[in-house]
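Below: the structure, in structure tokens.
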Amino acid sequence: MSQTDGARIYDVRDLPGLDFDPFLQESLSDAPVSRIRLPHGKGDCWLVTRHKDVKFVTSDPRFSRNVLGRSVPKMTKHFIPLDRAVSFVDPPDHARVRSVVSSSFTQRSVDRLRLRARLLMDELCIGLEAAGPSADLVHHVISPFALAMISEVIGIPSTDRLRIRDWAQTVLTRASDDAQALRAEEAKQASRDYFRQLASQRHAEPRQDVMSTMVAAVSAGRIDEEELLALATLMSLNGWHAVCNNTTNMMYVLLTQRHLMERLQREPRLTLSAVDELLRWVPHKHGVGQPRIATDDVVVSGVLIREGELVYVSYVAANWDERVYSDPSTIDFERKDPPHMAFGHGPHACVGPLPTFLENRRIESSSIRPVAAPAVHGIRPTSTYREKDQKFGLLQ
């Protein structure tokens with residue numbers, strides 16, 4: 001493991017399949033709170049990996065998300081969210097912004113999506129079967145399903161959805177040079193301009209969608225326009241990208257560990273718990289996410305983090321902490337351990353875990369329903385599958 005001035009260098013290499021990151025594994029075992037250096041930005045930062053420490057850092061108000069205007073070590077050359085994104089906001093403003101859309105992601109709201117989700121999934125699976133051998137499951141089913149569901153929630157017309165997908169792919173792909181970073185910034189600006197136009201349309205003609213809800217909140221003074229644009233961009237781009245990638249990785253697991261697929265076919269009652277366990281097991285993020293900054297001296301598991309120092313947490317590592325999850329490398333559909341943190345923890349936890357869970361469940365349910373989706377039974381993983389290449393990963 002490379003090391004510079006006491007800080008371990010995290011070069012975030014591409015890994016085959018869904019191999020667990022050896023850097024995170026070493027951190028969990030030997031250096032749960034440690035200094036690291038990331039590929040971009042200046043200086044070192046802290047990495048926190050154990051379950052109890054991740055929960056502590058993500059819920060303690062002394063660790064702030066307000067890092068804008070600072071030169072911070074990071075995974076990519078650009079900041080992914082827009083400047084006014086809720087990702088960079090601390091309570092109470094954070095709760096103020098989230099409250100505008102939180103009602104759109106309740107259990108009741110999700111229940112209203114179930115019939116539409118089932119009909120859409122059946123339609124896409126029929127299309128996959130019609131495409132014949134060598135049809136790509138991600139292209140025909142997983143990606144369009146995830147894109148359609150988040151678009152219908154937000155209120156994005158079907159004619160505009162491929163632009164959302166392309167912007168998400170550009171913005172959420174790690175930029176390693178100036179040209180890639182520029183393309184990401186251009187995509188962010190394009191999405192911002194698009195959502196301003198869509199907001200203007202909803203102001204003139206409101207509908208039953210999240211965009212209309214946010215426009216009404218601007219008119220009422222609950223949020224401002226920049227907060228609307230940042231929130232719409234975050235939910236739309238992440239809403240497709242996260243579900244598409246996580247679900248593809250889940251399907252990869254079921255295809256490469258056939259005994260798991262066969263068990264679900266025998267015991268479909270396990271589908272809910274299977275989705276939950278795969279959310280824990282699958283590394284939903286390559287590397288680390290958004291940083292926090294200590295606003296005071298704080299001790300984390302005996303390690304002093306000083307005011308002004310930057311801290312990252314790894315939910316991926318925390319979900320594999322053997323102090324919390326028995327035999328964490330094993331997929332157990334009947335696991336009784338504490339809840340995972342695939343959707344985050346604390347004030348900045350995912351605003352839409354229920355719709356995400358619904359989408360993952362619908363895809364997995366379809367994969368084990370031979371009447372509704374016979375084509376899915378013939379799929380296989382490509383020989384070059386890597387986590388970062390999900391969009392070309394599963395063939396019929």
Side-chain angles (χ1 to χ4, degrees), residues 65-66 68 78-106 108-110 112-113 116 143-144 146-172 183-244 290 347-348 350-356 359:
R65 275 287 193 92
N66 185 8
L68 285 176
H78 68 295
F79 269 127
I80 289 177
L82 297 181
D83 287 352
R84 296 295 300 282
V86 70
S87 306
F88 296 128
V89 180
D90 294 326
D93 280 345
H94 177 268
R96 171 182 59 80
V97 176
R98 280 177 61 119
S99 68
V100 170
V101 298
S102 59
S103 63
S104 300
F105 298 100
T106 61
R108 178 178 296 181
S109 298
V110 171
R112 290 197 291 266
L113 293 173
R116 171 59 181 147
S143 176
L147 186 60
M149 294 306 294
I150 189 59
S151 295
E152 292 186 12
V153 170
I154 301 296
I156 300 168
S158 58
T159 52
D160 298 337
R161 293 172 185 175
L162 291 183
R163 285 196 282 172
I164 300 297
R165 182 201 65 188
D166 293 343
W167 289 331
Q169 194 68 36
T170 301
V171 173
L172 297 171
R183 285 195 293 272
E185 292 298 334
E186 290 173 344
K188 285 168 60 176
Q189 184 60 47
S191 66
R192 181 177 177 276
D193 293 342
Y194 169 78
F195 285 117
R196 175 179 280 114
Q197 294 175 359
L198 184 60
S200 178
Q201 293 171 14
R202 291 296 184 273
H203 182 76
E205 298 181 15
R207 298 183 184 179
Q208 296 296 316
D209 54 38
V210 170
M211 179 56 75
S212 297
T213 299
M214 291 190 291
V215 168
V218 172
S219 298
R222 296 175 62 192
I223 59 174
D224 62 35
E225 185 187 48
E226 289 301 321
E227 288 171 328
L228 178 152
L229 298 176
L231 194 56
T233 299
L234 181 70
M235 289 190 298
S236 301
L237 272 58
N238 278 6
W240 168 75
H241 191 269
V243 173
C244 181
Q290 295 293 114
H348 285 88
C350 176
V351 70
L354 289 175
T356 301
E359 292 177 54

Decide yes or no for Leu228 and Met211: does some side-chain heavy atom of the first lie under 4.5 Å from some side-chain heavy atom of the second? yes
Return the CD1 to CE distance between Ile154 and Met214, rounded to the nearest 0.5 Å. 5.5 Å
Pairs satisfying ring pair (Phe, Tyr, Trp, His ring centres under 6.0 Å), at least one member in residues 208-227, at least two apart: none
Which heavy-atom pair separates Arg161 from Leu147 by the least distance, and what is that distance? O-CD2, 3.4 Å
Non-hydrogen side-chain atoms of Cys350 and Asn238 separated by less than 4.5 Å: no
Salt bridge (Lys or Arg N to Asp or Glu O under 4.0 Å): pairs with one or both residues in residues 193-203, sequence neighbours excluded: Asp193-Arg196, Arg196-Glu225, Arg196-Glu226, Arg202-Asp209
State, with a plain yes or no, whether a side-chain heavy atom of Val101 is found less than 4.5 Å away from one of Leu231. yes
So, using salt bridge (Lys or Arg N to Asp or Glu O under 4.0 Å) as the criterion, who are the partners of Asp166 when residues are at least two apart? none
Please give me the minimum heavy-atom distance between Arg165 and Ser143, naming the atom from each residue. CD-OG, 4.1 Å
Hey, are the side chains of Met149 and Leu113 touching, using non-hydrogen atoms and a 4.5 Å cut-off? yes
Salt bridge (Lys or Arg N to Asp or Glu O under 4.0 Å) involving Glu186 - partner list, sequence neighbours excluded: none
Measuring from atom CD of Gln290 to atom OG of Ser87, what distance do you get when rounded to the nearest 0.5 angstrom? 5.5 Å
Would the distance check show the side chain of Ser212 and the main-chain N or O of Gln208 forming a donor-acceptor pair, the cut-off being under 3.5 Å? no
Considering all heavy atoms, the nearest Ile150-Gly239 contact: CG1-CA, 3.9 Å
Listed by chain and number, what are the side chain to side chain contact (heavy atoms under 4.5 Å, CB included) partners of Asp90, not counting sequence neighbours? Ser64, Arg65, Asn66, His348
Is there a side-chain contact between Trp167 and Thr233 (heavy atoms, below 4.5 Å)? no
If you look at every heavy atom in Ala199 and Val215, which pair is closest and at what distance? O-CG2, 3.5 Å
Enumerate the salt bridge (Lys or Arg N to Asp or Glu O under 4.0 Å) contacts for residues 151-160, please, sequence neighbours excluded, ordered by first and then second residue. Arg116-Glu152, Asp160-Arg163
Residues forming a salt bridge (Lys or Arg N to Asp or Glu O under 4.0 Å) with Asp93, sequence neighbours excluded: Arg96
Applying side chain to side chain contact (heavy atoms under 4.5 Å, CB included), can you list everything that pairs with Pro91, at least two apart in sequence or on another chain? His94, Pro347
Ile156 side chain reached by Ser236 side chain, heavy atoms, under 4.5 Å: yes
Residue pairs passing the salt bridge (Lys or Arg N to Asp or Glu O under 4.0 Å) test where at least one lies in residues 231-240, sequence neighbours excluded: none
Could you grab the distance from atom NZ of Lys188 to atom CG of Leu229, nearest 0.5 Å is fine? 13.0 Å
Distance check, rounded to the nearest 0.5 Å: Gln201 atom CD versus Arg207 atom CZ? 8.0 Å
Applying ring-ring contact (aromatic ring centres under 6.0 Å, His included) to Trp240 and not counting sequence neighbours gives none
Side chain to side chain contact (heavy atoms under 4.5 Å, CB included) filter on Pro144, not counting sequence neighbours, yields Leu124
If you compare all heavy atoms of Leu237 against all heavy atoms of Leu172, which two are closest, and at what distance to 0.1 Å? O-CD1, 3.9 Å
How would you list, by chain and number, every residue that makes a side chain to side chain contact (heavy atoms under 4.5 Å, CB included) with Ala184, sequence neighbours excluded? His78
